Amino acid sequence: MLAALTQLLLFQLAGEVIAHGLGLSVPGPVIGMVLLFAFLVLRQGPGHDLQHTSQNLLSHLSLLFVPAGTGVMLHLHRLQDEWLPILLSLLLSTAVTLALTGLLLKALSRRAAPGGETRP
């Protein structure tokens, strides 16, 4: 488990170094996640240790929301002042995500169907 956690943290560190070194606006952990994904694609999947450790982390994922909830409580006054733009952006982004997901699913189901016919 320690080796898998070290591997995850090294990819995050690499992402941070790239983000800060190149002055990118993309967060370092996101770059690290892309690097990890590329590594896993080249390796054709995760090893047993990484898969087991990832499953353990995912089972405790709710604990990662505690800092976010604390941040919301600390900045509650900003939410009260800017509730309308926040609400509109949440609704718009949700609608766009649902529409694009539906279109992508429709396109992929047409491609996967034999003979070009769509599946029900």
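Note that the structure is a prediction, hence the values are computed from the model and not measured. Keep in mind that the numbers below use all heavy atoms, side chains included, and drop hydrogens, waters and symmetry copies.
Atom CG of L103 sits about 11.0 Å away from atom CG of L108, to the nearest 0.5 Å. To the nearest 0.5 Å, atoms CG (L36) and CD (Q7) are separated by 6.5 Å. Rounding to the nearest 0.5 Å places CG of L10 at 10.0 Å from CD of Q12. How far CG of L57 is from CG of L63: 10.5 Å, rounded to the nearest 0.5 Å. The line from CD1 of I86 to CG of L79 is 4.5 Å long, rounded to the nearest 0.5 Å.
Among residue pairs with one or both ends in residues 81-97, those qualifying as salt bridge (Lys or Arg N to Asp or Glu O under 4.0 Å) are R78-E82; sequence neighbours excluded. Evaluation of the ring pair (Phe, Tyr, Trp, His ring centres under 6.0 Å) test over residues 24-57, restricted to residues two or more places apart or in two chains, returns F11-F39.
With contacts defined as side-chain heavy-atom distances shorter than 4.5 Å, the pair L2/D49 does not qualify. By the 4.5 Å heavy-atom criterion applied to side chains, V30 and P27 are counted as neighbours. For the pair M1 and N56, the minimum side-chain heavy-atom distance is below 4.5 Å.
L13 and L40 fall into different hydrophobic clusters, where Ile, Leu, Val, Met, Phe, Trp and Tyr are joined by side-chain heavy atoms under 4.5 Å apart, directly or via other members. No continuous path of ILVMFWY side-chain contacts below 4.5 Å connects L50 to M33, so the two sit in separate hydrophobic clusters. L90 is connected to V72 through a chain of hydrophobic side-chain contacts under 4.5 Å among Ile, Leu, Val, Met, Phe, Trp and Tyr, so both are in one cluster. Hydrophobic clustering (side-chain heavy atoms under 4.5 Å, transitive across Ile, Leu, Val, Met, Phe, Trp, Tyr) groups W83 together with L88.
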- Task: Would you check, one step at a time, whether the test side chain to side chain contact (heavy atoms under 4.5 Å, CB included) holds for L35 with I18?
- Result: CA-CA 11 Å; L35 292 173; I18 291 171; 3.8 Å; yes

- Task: Dump the intermediate steps for side chain to side chain contact (heavy atoms under 4.5 Å, CB included) on L98 and T94, then the final yes or no.
- Result: CA-CA 6 Å; L98 287 173; T94 301; 4.1 Å; yes

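Under the rule for a side-chain hydrogen bond (donor to acceptor under 3.5 Å, both in side chains), Q51 has no partner lying at least two apart in sequence or in another chain.
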